[in-house]
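Worth knowing before you read on, the calculation uses all heavy atoms, side chains too, and leaves out hydrogens, waters and symmetry mates. Fair warning: this is a prediction, and the values are worked out from it, not measured in the lab.
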Amino acid sequence: MRWLTLYARSRQVPASLAAVVVSTVAAWALSRNGGGGPGDPRLPVLLLATGAMAASIGLSGQDLALDRTAAIRWVPRRAAHVLLAGAVVGTALLTVQAMGEDMATTAFVVRDSAGLMGLAALGAALAGGQYAWTLPFSWLSFSFFAPPPTSVPTQVASWMLLPPGTAAGTWTALALTVTGTAAYALAGPRR
């Protein structure tokens, strides 16, 4: 086998990809039934967060000691893993939109998928791959019930529901992407 196949299998990429496809199909079915209404960002954010949480499970390997002693450089591979997972999650939603169900703009999808994967990577660096999903889930839960975003702190708290041109939402997503990807790439998943 080639190293890429082994890497994908050890990181549970097939199972994560299956979960992303299932959640995309579920979101497509909900959007066809009028779930959320036009302009409501909750359904696309739920789809992106579900995809990021599914992809986060594979942010640690089967054996952390083996990963740490490998003779290959992990920093670029870990960073590429996070960025590629974010691209796959965003592409899944954009594919649904290409089939006729307009749920969110491309800028919204790119911002939120990058920010959520950065948040998942930060969760892997802080709590390990098996618990990496907790940070995106917690922030999503909080943003659904947060007060209306009238001040900058509440805009930061609900960044994933803001329109794509909002500065607080864009900067929060960018900070989460850079911080989470860098922390995971440099430190790896927590043991």
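- With Ser143 contributing its side chain and Leu140 its backbone, the two residues share a donor-acceptor pair below 3.5 Å.
- No side-chain heavy atom of Trp171 sits under 4.5 Å from any side-chain heavy atom of Val156.
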Can you give each donor-acceptor pair under 3.5 Å made by side-chain atoms of residues 105-118, sequence neighbours left out, with the distance rounded to 0.1 Å?
unit_1, atom_1, unit_2, atom_2, d
Thr105, OG1, Phe108, N, 3.2
Arg111, NH1, Leu162, O, 3.3
Arg111, NH1, Pro163, O, 3.0
Arg111, NH2, Trp159, O, 3.1
Arg111, NH2, Leu162, O, 2.7
Ser113, OG, Val109, O, 2.8
Ser113, OG, Val110, O, 3.3

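- To the nearest 0.5 Å, the span separating CG on Leu119 from CE on Met53 amounts to 10.0 Å.
- Nearest heavy atoms, Leu122 versus Ala183: CD1-CB, 4.2 Å.
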Sequence neighbours excluded and cut-off under 3.5 Å, please list the side-chain donor-acceptor pairs for residues 125-136, or say none.
unit_1, atom_1, unit_2, atom_2, d
Trp133, NE1, Gln130, O, 3.2
Thr134, OG1, Tyr131, O, 2.7

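- Under the 3.5 Å distance criterion, the side-chain polar atoms of Tyr184 are matched with a main-chain donor or acceptor of Leu59.
- The neighbour count for Phe142 CZ, taken as heavy atoms of other residues, nucleotides or ligands under 6.0 Å away, does not exceed 12.
- Leu47 and Val88 fall into different hydrophobic clusters, defined by Ile, Leu, Val, Met, Phe, Trp and Tyr side-chain heavy atoms under 4.5 Å apart, directly or through other members.
- Looking at heavy atoms from C-beta onward, Leu93 lies in side-chain contact with Pro44 at the 4.5 angstrom threshold.
- Val20 and Leu94 fall within a single hydrophobic cluster, where Ile, Leu, Val, Met, Phe, Trp and Tyr side chains are chained together by heavy-atom contacts under 4.5 Å.
- Shortest non-hydrogen contact noted between Leu186 and Arg78 is O-NH1, 4.2 Å.
- The two residues Thr154 and Ser158 have their closest heavy-atom pair at O-OG, 2.8 Å.
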